[in-house]
Amino acid sequence: MPQYADLSHFLLNICSTITREDISEITVSINDDPQTIIWGENVEFKTKENPDPPTECIGLKFDFPLNKEIGYMKICFSLKNIYPVGPVDVCLFGGGTTATGLAICGPVCSETNECESLFNHKETVCVPVTVTPFARPGAARTICCGKPEISTETSCYGERTSCSFTVSQELCIELPITFGAQVETGSISVQCDGVSNGSCNCSDEEMQELPSKAPLTQRERRFFSR
């Protein structure tokens, strides 16, 4: 669009199989002011057989003028069927000039190809570990060695009422720790360039065909301390 031109109307080149009967609801507001929808006048479909007169573009046309300085428009439409989401060409007209080569996300006829890239990020992960040993005695067993002795003495041998001793045991502590990472992505945005016929052409850049989707694996490393 020219930098200082008011918007006259625009078209969304959504899937060509979508018709007026496929749209269950449509709303338009300008500066938060709801607009009256009149099919065939301010909202209509333009096809290859009957394109938009000034732009020669096709798609769902919205004929609502918009001020270049203070105007903003909100459009919402609901479809009766489910369609894939992909780049939809936008055709703008204002100031006697047509602007193309723009796109937004919208309903398309088929799934679009996906490009997958692999990124890596180095991190040093530290986790404090505290090992507290314990000794838990089991049930005591008393075993008599020989036969009991009978004495006429009124006092027992020995001066102590109990016997104490220590038991030591060498321990080997096996401690598994799993290190990994969770990956979260932000909101997706796309900058759309022009559309041309034929296969992809990356100019001087190296072209590489991507394989079909495969599940990503997450490597884990276990740490043992003794």
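Sequential numbering from 1 along the given sequence is applied to the chain's residues. Keep in mind that what you see is a predicted model, and the values were worked out from it rather than measured.
Between P107 and I18 the shortest side-chain heavy-atom distance falls below 4.5 Å. A heavy-atom distance below 4.5 Å is not found between the side chains of D89 and L102. When side chains are defined from C-beta on, V108 does not count as touching V85, because their heavy atoms never get closer than 4.5 Å. Looking only at side-chain heavy atoms (C-beta outward), L171 and P133 come within less than 4.5 Å of each other. Contact check for N50 versus I58: no side-chain heavy atoms found under the 4.5 Å cut-off.
A continuous path of hydrophobic side-chain contacts links M73 to I26 [ILVMFWY only; heavy atoms under 4.5 Å]. Cluster annotation: L92 is not connected to I70 through the hydrophobic network of ILVMFWY side chains, with a link wherever side-chain heavy atoms come within less than 4.5 Å. There is no path of hydrophobic side-chain contacts, each under 4.5 Å, that joins I38 to I75. Both L175 and V127 sit in one connected hydrophobic cluster of ILVMFWY residues. Membership requires side-chain heavy atoms under 4.5 Å apart, directly or through other members. Criterion: ILVMFWY side-chain heavy atoms under 4.5 Å apart, direct or through other members. Under it, I173 and I177 are part of a common hydrophobic cluster.
Sorted by first then second residue, the salt bridge (charged side-chain N to carboxylate O under 4.0 Å, His left out) pairs that include residues 17-40, not counting sequence neighbours, are D32-K74. Listed by first and then second residue, the ring pair (Phe, Tyr, Trp, His ring centres under 6.0 Å) pairs involving residues 59-82 are F10-F62 (not counting sequence neighbours).
A donor-acceptor contact shorter than 3.5 Å links the side chain of D6 to the backbone of K68. Side-chain atoms of T98 do not come within 3.5 Å of backbone N or O of F93 as any donor-acceptor pair.
Listed here is the closest heavy atom pair of P65 and I30: O-CD1, 3.6 Å. Heavy-atom minimum distance, P51 versus E49: CD-C, 3.6 Å. Shown here for F45 and I14, the closest heavy-atom pair between the two residues is CE2-CD1, 4.0 Å. Contact record, S16 with C109: N-SG, 3.7 Å, taken as the closest heavy-atom pair.
The CD atom of E41 lies 11.0 Å from the OG1 atom of T36; values are rounded to the nearest 0.5 Å. If you take CG on D63 and CG on L7, they are separated by 9.0 Å, rounding to the nearest 0.5 Å. Separation of atoms SG (C15) and CG (N81) is listed at 10.5 Å; rounding is to 0.5 Å.
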Q | CA sep, side-chain torsions, deciding dist, call: E44, K46, salt bridge (charged side-chain N to carboxylate O under 4.0 Å, His left out) | A | CA-CA 7 Å; E44 59 181 324; K46 290 297 182 180; 3.6 Å; yes

Q | side-chain contact (heavy atoms from CB on, under 4.5 Å) assessment of L12 paired with V90 | A | CA-CA 5 Å; L12 300 178; V90 180; 3.8 Å; yes

Q | Stepwise side-chain hydrogen bond (donor to acceptor under 3.5 Å, both in side chains) test for N42 and H9 | A | CA-CA 9 Å; N42 53 18; H9 63 271; over 6 Å; no

Q.
Evaluate V28 against I37 for side-chain contact (heavy atoms from CB on, under 4.5 Å), listing each step before the verdict.
A. CA-CA 7 Å; V28 176; I37 304 298; 3.6 Å; yes

Q. Run the side-chain contact (heavy atoms from CB on, under 4.5 Å) check on T100 and C57 step by step: do they pass?
A. CA-CA 9 Å; T100 59; C57 295; 4.1 Å; yes

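Donor-acceptor pairing under 3.5 Å is recorded for the side chains of D52 and T55.
Within a 6.0 Å sphere centred on NZ of K80, other residues, nucleotides and ligands contribute more than 12 heavy atoms.
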